[in-house]
Chemist: 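Have a look at this one before I ask anything.
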2 protein chains.
Amino acid sequence: MDAKQIHHGKESASCPMDFILRMLMGPWTTYILYNLKTHGPQRFGELKRRVASISAKMLTERLRTLEGAALVRRDYEATIPPKVTYSLTQRGHELDDVLGKLAEIGMRWEAEDAALRAARAAELKAAE
Amino acid sequence: MDAKQIHHGKESASCPMDFILRMLMGPWTTYILYNLKTHGPQRFGELKRRVASISAKMLTERLRTLEGAALVRRDYEATIPPKVTYSLTQRGHELDDVLGKLAEIGMRWEAEDAALRAARAAELKAAE
DNA sequence: GCTAGTAGGTACCAATTCGTAACTCATGGA
DNA sequence: TCCATGAGTTACGAATTGGTACCTACTAGC
């Protein structure tokens with residue numbers, strides 16, 4: 001799946017977070033993880049409705065990747081219609097802290113930037 | 001630069017880490033941040049030699065993006081030949097903790113996976 | 001009999017991404 | 001005179017990505 005990543009020689013050993021970041025990225029991954037964390041285990045359709053603009057193809061692909069990385073568990077019940085529930089594994093929950101910190105920093109920066117923009121706008125207004 | 005990210009309605013507000021993750025990703029970003037953190041401020045060529053297989057184009061583009069996000073500072077001296085030094089900003093250093101934790105988790109998982117593979121290999125050997 | 005819902009899979013298509021190779025500018029050295 | 005250096009920029013081209021539309025199987029409801 002990531003053929004271009006074969007290049008690195010000695011550098012790869014120095015950056016073990018690379019794998020995780022590659023996992024967390026992709027426009028939808030954080031939404032999925034976030035939803036599974038805050039709303040608990042969910043079925044495919046539920047998840048799809050929550051992320052709204054994601055396509056079924058993408059959601060499937062992301063979930064399969066996350067499953068492959070052992071961050072998400074897939075429970076399949078062969079009822080009719082079938083019922084598939086996704087939940088975070090223990091490994092998935094190990095990211096809670098980091099994701100939380102990331103969210104906190106993101107919000108702080110957003111607030112700082114908003115304050116800066118407001119200050120600049122006030123400055124401009126005072127100057128005219 | 002990220003035109004596809006306009007879609008989200010109410011969902012975007014619930015995931016402020018999305019911006020940061022989008023920043024941290026891209027095959028090279030973590031290498032760059034890691035190098036600037038561990039080896040201190042560096043010139044373009046130095047950085048390029050450390051990351052080895054990155055192209056000048058990509059390095060420039062990533063550094064510009066990081067600069068735009070205020071994670072990296074660019075100091076340009078118009079000598080001949082020119083001298084450009086890159087360093088982490090305060091904001092860049094705010095990621096130190098998270099990146100460290102991510103690295104720690106990544107290494108732990110790598111070790112766990114290696115142990116698992118070793119166990120499976122031993123099992124196979126015992127079975128034959 | 002027709003449609004809707006569940007959980008996807010598949011084919012195709014357009015856009016984006018990333019790498020490679022060549023070019024820039026000014027100077028100092030062989 | 002030609003080449004190398006530092007820090008890029010630009011053009012081109014191939015591969016990857018992600019979206020849309022359509023297909024599956026099965027059953028319940030109208």
Side-chain angles (χ1 to χ4, degrees), chain A residues 1-9 11-12 18 21-32 35-36 41-68 72-87, chain B residues 1-9 11-12 18 21-32 35-36 41-68 72-87:
Chain A
M1 178 180 295
D2 242 343
K4 68 196 158 202
Q5 275 316 98
I6 306 172
H7 57 66
H8 44 40
E11 298 302 331
S12 86
D18 208 66
L21 285 169
R22 209 170 309 292
M23 188 55 40
L24 294 182
M25 79 182 211
W28 312 105
T29 317
T30 52
Y31 292 106
I32 296 168
N35 268 298
L36 285 178
Q42 280 165 79
R43 298 180 57 183
F44 184 88
E46 238 175 311
L47 211 45
K48 181 155 167 16
R49 249 167 277 125
R50 281 235 173 68
V51 182
S53 43
I54 196 173
S55 67
K57 176 190 168 188
M58 259 291 99
L59 183 53
T60 309
E61 191 258 332
R62 292 279 99 199
L63 284 170
R64 290 288 186 285
T65 305
L66 289 169
E67 199 195 347
V72 158
R73 176 175 30 251
R74 180 175 186 268
D75 294 304
Y76 180 80
E77 281 178 72
T79 56
I80 300 234
K83 186 171 178 176
V84 182
T85 308
Y86 292 94
S87 52
Chain B
M1 177 182 292
D2 241 344
K4 69 195 157 203
Q5 274 316 100
I6 305 173
H7 57 63
H8 43 40
E11 298 303 330
S12 85
D18 207 66
L21 285 170
R22 207 169 309 291
M23 188 57 37
L24 294 181
M25 79 179 212
W28 310 105
T29 316
T30 52
Y31 291 106
I32 294 168
N35 269 297
L36 285 178
Q42 280 166 77
R43 299 180 54 184
F44 184 88
E46 237 176 311
L47 211 46
K48 182 158 167 19
R49 249 167 276 124
R50 281 236 173 70
V51 182
S53 43
I54 196 173
S55 67
K57 178 190 165 185
M58 258 291 99
L59 184 52
T60 308
E61 192 258 331
R62 290 280 99 199
L63 284 170
R64 291 288 185 285
T65 305
L66 289 169
E67 200 197 346
V72 159
R73 175 174 31 249
R74 180 175 183 266
D75 293 304
Y76 179 78
E77 281 179 71
T79 55
I80 300 234
K83 187 172 178 175
V84 182
T85 308
Y86 291 94
S87 53

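Just so it is clear, the structure is predicted and the values come from calculations on it, not from any experiment. Order of the sequence lines fixes the chain letters, A, B, ..., with proteins taken first and strands second; residue numbering starts at 1 for each chain.
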Chemist: Grab the NZ-C1' distance between A:Lys48 and D:dT20 for me, whole Å please.
Modeler: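 To the nearest whole Å, that distance equals 12 Å.
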Chemist: Working to the nearest 0.5 angstrom, can you tell me the gap between A:Glu67 CD and A:Thr60 OG1?
Modeler: 11.0 Å
Chemist: Which heavy atom in B:Arg73 sits nearest to a heavy atom in B:Asp75, and how many Å separate them?
Modeler: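 Smallest interatomic distance, heavy atoms only, reads CD-OD1, 3.8 Å.
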Chemist: What's the shortest heavy-atom distance between A:Arg74 and A:Arg64, and which atoms?
Modeler: NE-NH1, 3.6 Å
Chemist: What residues form a side chain to side chain contact (heavy atoms under 4.5 Å, CB included) with A:Pro41, not counting sequence neighbours?
Modeler: A:Thr85, A:Ser87
Chemist: Which pair of heavy atoms, one from A:Leu24 and one from A:Thr29, lies closest together, and at what distance?
Modeler: O-CB, 3.2 Å
Chemist: How sharply is the helix from C:dG1-D:dC30 to C:dA30-D:dT1 bent, taking the axes over five pairs at either end and rounding to 10 degrees?
Modeler: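 About 30°, once rounded to a multiple of 10°.
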Chemist: CE of B:Met58 versus P of C:dT16: gap in Å, rounded?
Modeler: 15 Å
Chemist: Can you measure B:Glu77 atom CD to C:dC25 atom C1' for me and round it to whole angstrom units?
Modeler: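 After rounding, the reported distance stands at 18 Å.
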Chemist: Would B:Leu36 and B:Val72 satisfy side chain to side chain contact (heavy atoms under 4.5 Å, CB included), going step by step from the backbone distance to the final call?
Modeler: CA-CA 9 Å; B:Leu36 285 178; B:Val72 159; 3.8 Å; yes
Chemist: Is B:Trp28 close enough to C:dG19 that one of its side-chain N or O atoms is under 4.0 Å from OP1 or OP2 there?
Modeler: yes
Chemist: Roughly, in whole Å, what's the span from CG in A:Leu47 to C1' in C:dA7?
Modeler: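 It is 12 Å, rounded to the nearest whole Å.
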Chemist: Nearest whole Å is fine: how far is C:dC18 P from B:Arg62 CZ?
Modeler: 7 Å
Chemist: Can you check the B:Ile80 CD1 to C:dA26 P distance for me, whole Å?
Modeler: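 In whole Å, C:dA26 P and B:Ile80 CD1 are 7 Å from each other.
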Chemist: Is a side-chain donor or acceptor of A:Gln42 paired with a backbone partner of A:Asn35 at a separation under 3.5 angstrom?
Modeler: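 Yes, the answer is positive, given that a donor and an acceptor are paired below the 3.5 Å cut-off.
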Chemist: Would you say A:Lys83 has more than 12 foreign heavy atoms packed within less than 6.0 Å of its NZ?
Modeler: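 Incorrect, the count does not exceed 12.
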Chemist: Polar pairs (N or O, both sides) under 3.5 Å between protein and nucleotides 5-13 of chain D?
Modeler:
{"unit_1": "D:dG6", "atom_1": "O3'", "unit_2": "B:Arg43", "atom_2": "NH2", "d": "3.0"}
{"unit_1": "D:dG6", "atom_1": "O3'", "unit_2": "B:Pro82", "atom_2": "O", "d": "3.0"}
{"unit_1": "D:dA7", "atom_1": "OP1", "unit_2": "B:Arg43", "atom_2": "NE", "d": "3.0"}
{"unit_1": "D:dA7", "atom_1": "OP1", "unit_2": "B:Arg43", "atom_2": "NH2", "d": "3.0"}
{"unit_1": "D:dA7", "atom_1": "OP1", "unit_2": "B:Val84", "atom_2": "N", "d": "3.0"}
{"unit_1": "D:dA7", "atom_1": "OP2", "unit_2": "B:Gly45", "atom_2": "N", "d": "3.2"}
{"unit_1": "D:dG8", "atom_1": "OP1", "unit_2": "B:Arg64", "atom_2": "NH2", "d": "3.0"}
{"unit_1": "D:dG8", "atom_1": "OP1", "unit_2": "B:Arg74", "atom_2": "NH2", "d": "2.5"}
{"unit_1": "D:dG8", "atom_1": "OP2", "unit_2": "B:Tyr86", "atom_2": "OH", "d": "2.7"}

